[in-house]
Each structure stands twice: as C-alpha cells, then as structure tokens.
Amino acid sequence: QLTNDLNAMKRDEALYAFVLSPKGRVLADVWVIDREQELWLLVPRTRLEALLERFERFIIMEDVELEPRDDWSLVTAQGPAARELQGGYESDRLGRGGRDFLLSGEDREAELAALRARCTELGGGQVQKEAWARAHVLRGRPRFGVDFGENTYPQETGLTKLAVSFSKGCYLGQETVMMLQSRGKAPKTLWRFKIDTATPPAPQSEIRFDDVPVGKISSAAGDGEAVAALGYLKRGHEPDEGTRVSVAGLPAEAIGSVEHSLS
C-alpha cells in the first residue's frame, strides 16, 4: 500500500512514504510509526477521507482494521536541537533533524506546555503556519497540496530518496514508478530557484530560459534580500545548476533540482 519499505523501520522513528493511485500518482504523503501491534499513519487532515476510501477499496484479503484517530494531535519539533528532546519519534521533515510527538487525553495541554518550554530552553519556540511554509521553501522540501499533489508522479517531486523503496515488494502504482525509474524520465522535475527580488512571485508564475517558457513555480518565500522558490521544469529543459533564468519576468538563478539537493 505504501511506497517505502516498512521492514526497514526502527521502533522510535517515523518513516516517510507516498500513497499512490493505481496509475502511480501521489494521493498523499504519510509518516508511518510502529505502535507495536498497530501501524499509525500521520496524514494530512485534508486527505483523511480519501485515504480511508482508498485503503478500504484495495485492502482485500489482509486482516486489517482501519480507524481514524482524531482524538490525537501531532506536534513536531524540527532542527538540530530536536535530538535533545526526550520521547516521540525521529522525523526529519526539513533535513535538519526532528522529532514527532503524539498527544492525547487529559494530559495533552500539560504535555504540550512542557514540550514548548523545553524547546524554548533549546533556543526554539512555537512557529506559525507562515513560518512553517517558509521553512519548507528555504530548505527545498516540497509540501503535498502545495508543491505536488494528485497529478504528480513520485519522481517529479524529487523525494524518491526519502519516500520510495525500489527493492521492496509490490505496492499499488509500483509498475508506473518502476517504469519511470528504469526506462524513462519524469515529464517534469522540481527545482530550486533564487530570484532577484524581495517580493515573492505568485504560485504558477512562469519560468523562462533563453526567453522560452520552461515551467512554473509552485511556491516562493522571502530569503533576505532575495526570494527562494520551488518550481517545475519541463523534461528536456533543465538548465545547468547556476544558470540564469527568469521567474515572473524577474532575473533568477536555477540552484539545482530538489532531488540533487537531497543527495
């Protein structure tokens, strides 16, 4: 059912994976944790109903029960200092190290307050959604529903190193993924850009190379006096790293693919 190899999981870590359609496109990204007799999937709330329907449809012979757990909350701490925190599950969401914590019941608020206080001691603190979104762009970590979604193949996201095992057994959508990996090339690839402006261009702004349209950006965020962005380049139009391009008519530099930045 998932693109990654659950046999490689460690008890105290969350494993990143995709859930695919039969045609090999990404229905959602998930983090999987081992709760001894149960496997828990941490999923975007917006995809919960669709994933339950998908699993109910394709879990046929296996002895599996599905149960949404809306009574639990996920809190994540990201950054190098997260290794100093006790408990939870290792979950590196931005490439700097991190841990996920599951909170539930009467002790939820007390546990959250204690976790927030400890993070403050370590030089961190609670962040707003805008800061979280900005961190993803600056770190080159695309987000489901923003930078990729239901029309995206795994190889297009640049996240196959993190989310896909090419040696595990079969899973739904695997045939397309393996064919792209061994015989072909993804129709587009996600790249990182640095734009010479202080104002982030709107999503879907055009990327041009030698005055030819070659793609569109999916997200952008301020980075000092410049702007960092993620955007897709069409197959066959990928420039060399460091090549000057334009984004929304503004001068920019193609930093490199997301996949390369993770290697």
Side-chain angles (χ1 to χ4, degrees), residues 3-4 16 18 24-26 29 78-80 92-98 131-149 151-166 177-263:
T3 57
N4 218 336
Y16 188 59
F18 292 143
R25 290 185 168 91
V26 181
D29 62 347
Q78 296 296 311
D92 189 354
R93 295 170 178 260
L94 295 173
R96 299 292 302 279
W132 180 240
R134 179 174 178 270
H136 275 269
V137 179
L138 298 188
R139 294 296 303 165
R141 290 295 179 94
R143 290 178 293 154
F144 179 84
V146 176
D147 302 295
F148 65 97
N151 294 318
T152 315
Y153 293 111
Q155 282 91 338
E156 294 175 331
T157 70
L159 297 174
T160 54
K161 179 181 178 181
L162 303 178
V164 179
S165 168
F166 293 101
V177 173
M178 293 302 295
M179 188 173 296
L180 277 176
Q181 191 69 15
S182 61
R183 301 181 187 176
K185 194 173 182 181
K188 58 184 184 293
T189 54
L190 192 59
W191 273 57
R192 303 175 70 183
F193 298 89
K194 182 178 181 180
I195 309 171
D196 298 342
T197 181
T199 304
Q204 300 305 306
S205 293
E206 191 174 64
I207 305 166
R208 300 179 74 91
F209 177 47
D210 285 343
D211 205 31
V212 175
V214 295
K216 295 180 179 180
I217 66 169
S218 55
S219 59
D223 185 16
E225 297 181 354
V227 165
L230 296 174
Y232 284 97
L233 295 176
K234 300 175 185 177
R235 179 173 56 200
H237 292 277
E238 301 91 342
D240 295 330
E241 294 180 12
T243 297
R244 299 298 292 179
V245 298
S246 69
V247 176
L250 300 165
E253 178 183 352
I255 303 298
S257 69
V258 168
E259 181 179 27
H260 181 73
S261 70
L262 298 180
S263 61

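The analysis underlying the following values was restricted to heavy atoms, covering all of them including side chains, and did not include hydrogens, waters or symmetry mates. What you see is a predicted model, and the numbers here were worked out from it, not measured in a lab.
- Without hydrogens or angle criteria, Gln155 side chain to Val177 main chain gives a donor-acceptor distance under 3.5 Å.
- Annotation: side-chain hydrogen bond (donor to acceptor under 3.5 Å, both in side chains) contacts of Asn151 (sequence neighbours excluded): none.
- Interatomic distance, NE2 of His237 versus CZ of Phe209, reported as 10.5 Å (0.5 Å rounding).
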Which pairs of donor and acceptor atoms, one on a side chain in residues 214-223, lie under 3.5 Å apart (sequence neighbours left out)?
residue, atom, partner, partner atom, Å
Ser218, OG, Asp147, OD1, 2.6
Ser218, OG, Leu230, O, 3.2
Ser219, OG, Asp147, OD1, 2.7

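- Under a 4.0 Å N-O distance rule, the pair Lys194/Glu253 does not qualify as a salt bridge.
- Partners of Phe18 under the ring pair (Phe, Tyr, Trp, His ring centres under 6.0 Å) rule, at least two apart in sequence or in another chain, are Tyr16, Phe148.
- A salt bridge (charged side-chain N to carboxylate O under 4.0 Å, His left out) check over residues 134-143, counting only residues at least two apart or in different chains, returns nothing.
- Residues satisfying the side-chain hydrogen bond (donor to acceptor under 3.5 Å, both in side chains) test with Glu238, not counting sequence neighbours, are none.
- When atom types are taken as modelled, the side chain of Lys185 and the backbone of Arg235 share no donor-acceptor pair closer than 3.5 angstrom.
- Within a 6.0 Å radius of CD in Gln204, other residues, nucleotides and ligands contribute more than 12 heavy atoms.
- Looking only at distances, no side-chain donor or acceptor of Glu259 sits under 3.5 Å from a matching main-chain atom of Thr160.
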Sequence neighbours left out, cut at 3.5 Å: what donor-acceptor pairs do the side chains of residues 239-249 make with other protein atoms?
residue, atom, partner, partner atom, Å
Glu241, OE2, His260, NE2, 3.4
Thr243, OG1, Asp240, N, 3.3
Thr243, OG1, Asp240, O, 2.7
Arg244, NH2, Asp196, OD2, 2.5

